[in-house]
Q: 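Just passing along the structure, written as structure tokens.
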Amino acid sequence: MKRSSTQVIPNNTHHVSEQFVIAMAGHVDHGKTALIQALTGIMTARSFEQACGMTQNLGFAHFVGSEGQQVGVIDVPGHERYIRNMVAGLWSIELVVLVVAANEGWMPMTQAHLEVAKAMGNRPVVICITKKELVDDEQLLALEEELLERVMDCCDEIAEVICVSAVTGENIEQLKQLICQQLSVNTAPIANGAITGDISCQSQNGKAHLYVDRSFSVPGIGTVVTGSLVGGSVDVGTGLTLMPKGLAVKVRSLQVYHQSVERAEPVSRVAVGIKGVNYKALSRGDCLVVDPKMHSATSEIIVRLNQLPPKLKNCQLEVAIGSWHGVGQLIKISNTQLVRVKLKSEVCCHFSQAIAFIQNGGSKLIASGCCVWLQEIERWQRRQLYGLLDTLPEVIDDSHQVQLQLQLEGYIVRSENHQLPEQFEYINLGDLAVLKSWYQQTEASVLSLLNQPNAALSSAELASQLRVNLTVLTEVLKQLKMQDKIYLSYECWLAGSGSSEDDLCAESQTLLSHIRAAQRAGYIVDKQARGDLKKQLKNLARLKYVTQLEDNIYYDQGLYQCLIEDVLAGCNKHDKLSMADIKQRSKLSRKYAIPLANKMERDGWVKRDENDRVVLKSLF
């Protein structure tokens, strides 16, 4: 989408059979921009970049292959000072065209670009030797052999090689055909650009996302962002979430290579007109996602390194994720290839995402890897988690994330995007899929705790002692209650069968809370109280949750039992208690002491003897 006052072409749907994004990488001044112009007819360098003769930021172009393939081309800056811009351009690509000038050969940034491209994902490489008009055939042949060997050493790949001239146009069409051929034979889907050894980023729409590399405002449209769309398609009118800010936005318009479309397909360079946020609030590295559950806003991740650099110490490095980069503290995890990364600001990230680490303030690639954990974790779970992460296979996908969650927590919230591993047996608890073995163990642990003498524990206390998520434990407790193995009383669980307070309706539970909160002051019912309130009180009394002292005074049943114990403490059968004794022992005023004595008389604890009360039965 161009910055101009011209409104986006409405409803002019443009469809192509296949869409891809590639990158032109290589050392500064090796002819990448000129090559792209010869290949696509588009000059990617801005006027000030043309003036200084050096690309400084990402440039974008595109061409259509012989079979209708739409290929987006990212022009990657070649100078080392712009390595962060270069990394931002490589995260979403499906093929690297490594550009090497025939008259200069392999240079430092040629190596750096190839290493970063490999770090951001295992993409195929096409070696393109430019400026062939400047050397003879013998020199070209020697250079080809050298380049093949260097790429083989770095990527363990036998790359295709082609020699071209952007000046004469020699072999430009052949290069275009070679690119399309390589894209066509490498079409196995990958997990949203992760390091898995596959190539295409296409998958279900729930994973559709676009890391922002530019944001601006267009008259008549408003906020526009550009980036590479991967993971799934996006339609005009689709609601998206801007991560990590968590802002809800809506797609107002879409353009793919300057063509207005109703739907953008992956993998393609897309301009998205959005409403719901000002372009000034956006920055490179923000991410538009269809389903925020599939992409986390996080400031701490665990990364599995592709290779453990020698003498790697806990240190601060720059971290590249998608088009985002920031500073993070690396913490090694002993005896593994894992590092914990504490970021200084939040980033949008997903499981298996490729991550690169750059020297802080420098231009050297220090390490690379993929994200294997994004969620918060309790300290006591870390050792188990590290063991599970260290045994992950080399190629990972979403199923491994589900498996990790199940093995660590014992459950997972069901989602249409989750496919449960077949090697486990499950129990369905509401929206949860719970490992049968974990459920049985948790159930046994709950009963073991509650079967101890005088055991009465709240849900929170059980969750704390068992180190189980409270939401999940609540579902387990519901199942045990349905089996009459436990019941709830005074917000505590007890072993055995009985009336559970959580079976009361919401109004009755609220009323019971008010009565308990009143304590010795009692819950006083006005004579003009509505009929449904009186019915609820009678029902609570029938279920023995409360006790009716007088017509309009209600006490919590547990408090009433405590008052009986206070009044009769140390008394034997036939002992006499005066009203003064009852007042003193119960710590009640005469207003409540007399109704208490009368209730105790009705329940057979005492009998009246003039102004005294005779004890009919002792506590023990």
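Because the structure is predicted, anything quoted here is derived from the model rather than measured.
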Q: Calculate, to the nearest 0.5 Å, the distance between atoms CG and CD belonging to Asp397 and Gln401 respectively.
A: 10.0 Å
Q: Assess whether atom CD of Glu491 is packed by more than 12 heavy atoms of other residues, nucleotides or ligands within 6.0 Å.
A: no
Q: For the residue pair Tyr523 / Asn552, report whether a side-chain donor-acceptor contact shorter than 3.5 Å exists.
A: no
Q: Assess the residue pair Asp566 and Arg585 against the criterion (salt bridge (Lys or Arg N to Asp or Glu O under 4.0 Å)); give the C-alpha distance rounded to whole Å, side-chain angles, the decisive distance to 0.1 Å, and a yes or no.
A: CA-CA 6 Å; Asp566 291 342; Arg585 287 170 173 249; over 6 Å; no
Q: Would Ser500 and Asp503 count as having a side-chain donor-acceptor pair, cut-off 3.5 Å?
A: no
Q: Closer than 4.0 angstrom, basic N to acidic O: yes or no for Asp502 and Lys478?
A: no
Q: Can you establish whether the number of heavy atoms outside Arg382 located under 6.0 Å from its atom CZ is more than 12?
A: yes
Q: Establish, from distance only, whether the side-chain atoms of His350 and Gln353 form a donor-acceptor pair under 3.5 Å.
A: yes
Q: Decide side-chain hydrogen bond (donor to acceptor under 3.5 Å, both in side chains) for Glu443 and Gln479; before the verdict, give the C-alpha distance in whole Å, the side-chain angles of both, and the deciding distance to 0.1 Å.
A: CA-CA 9 Å; Glu443 184 182 70; Gln479 297 298 312; over 6 Å; no
Q: Answer yes if the side chains of Tyr545 and Gln557 hold a donor-acceptor pair under 3.5 Å, and no otherwise.
A: no
Q: Decide if atom CZ of Arg383 counts as having more than 12 heavy atoms of other residues, nucleotides or ligands within a radius under 6.0 Å.
A: no
Q: Hey, does Val270 have a side-chain heavy atom less than 4.5 Å from the side chain of Leu254?
A: yes
Q: Would the number of heavy atoms belonging to other residues, nucleotides or ligands and lying under 6.0 Å from CD of Gln483 be above 12?
A: yes
Q: Please round to the nearest 0.5 Å and tell me the distance separating atom CG of Leu563 and atom OG of Ser586.
A: 6.0 Å
Q: Does atom CG of Asn335 have more than 12 heavy-atom neighbours from other groups under 6.0 Å away?
A: no
Q: Do the side chain of Ser513 and the main chain of Gln509 share a donor and acceptor less than 3.5 angstrom apart?
A: yes
Q: How about CD on Gln423, more than 12 heavy atoms from neighbouring residues, nucleotides or ligands closer than 6.0 Å, or not?
A: yes
Q: Can you find a pair of side-chain heavy atoms, one from Gln465 and one from Leu457, that are under 4.5 Å apart?
A: yes
Q: What I'd like to find out is whether the side chain of Leu588 reaches to under 4.5 Å of the side chain of Arg520, using heavy atoms alone.
A: yes
Q: Salt-bridge test for Arg414 and Asp431: reply yes if a basic N is under 4.0 Å from a carboxylate O, no otherwise.
A: no
Q: Could you grab the distance from atom CD of Gln381 to atom OH of Tyr386, nearest 0.5 Å is fine?
A: 11.0 Å
Q: Decide yes or no on side-chain contact (heavy atoms from CB on, under 4.5 Å) for Val614 and Leu577, but give the supporting numbers first.
A: CA-CA 6 Å; Val614 178; Leu577 295 169; over 6 Å; no
Q: So, do Trp373 and Leu408 sit near enough that their side-chain heavy atoms are less than 4.5 Å apart?
A: yes
Q: Please lay out, stage by stage, how Leu392 and Leu404 fare under the test side-chain contact (heavy atoms from CB on, under 4.5 Å).
A: CA-CA 9 Å; Leu392 283 172; Leu404 284 169; 4.1 Å; yes
Q: Find out whether Trp438 and Leu406 are in side-chain contact, i.e. whether some heavy atom of one side chain is under 4.5 Å from a heavy atom of the other.
A: no
Q: Assess the side chains of Asn306 and Ser368: does a donor N or O sit below 3.5 Å from an acceptor N or O?
A: yes
Q: Spell out, as yes or no, whether a donor-acceptor pair under 3.5 Å connects the side chain of Ser323 to the backbone of Val212.
A: yes
Q: Is it true that Asp609 and Arg613 have a side-chain N and a carboxylate O under 4.0 angstrom from each other?
A: no
Q: Measuring only between side-chain heavy atoms, which start at C-beta, is Cys315 closer than 4.5 Å to Leu317?
A: yes
Q: Distance only, no hydrogens: is a donor on one side chain within 3.5 Å (strictly under) of an acceptor on the other, for Gln384 and Gln407?
A: no
Q: Between the main-chain N or O of Leu549 and the side-chain N or O of Arg602, is there a donor-acceptor pair closer than 3.5 Å?
A: yes
Q: Can a donor-acceptor pair be found between the side chains of Trp493 and Ser459 at a distance below 3.5 Å?
A: yes
Q: Charged N to carboxylate O below 4.0 Å: is that the case for Arg467 and Glu378?
A: no
Q: Within a reach of under 6.0 Å around NZ of Lys617, are more than 12 heavy atoms found that belong to other residues, nucleotides or ligands?
A: yes
Q: Do you know which of Gln561, Arg516, Gln519 makes side chain to side chain donor-acceptor pair (under 3.5 Å) with Asp556?
A: Arg516
Q: Taking C-beta and beyond as the side chain, do Glu501 and Leu512 meet within less than 4.5 Å on heavy atoms?
A: yes
Q: Does any donor atom in the side chain of Asp286 or Tyr211 lie under 3.5 Å from an acceptor atom in the other side chain?
A: no
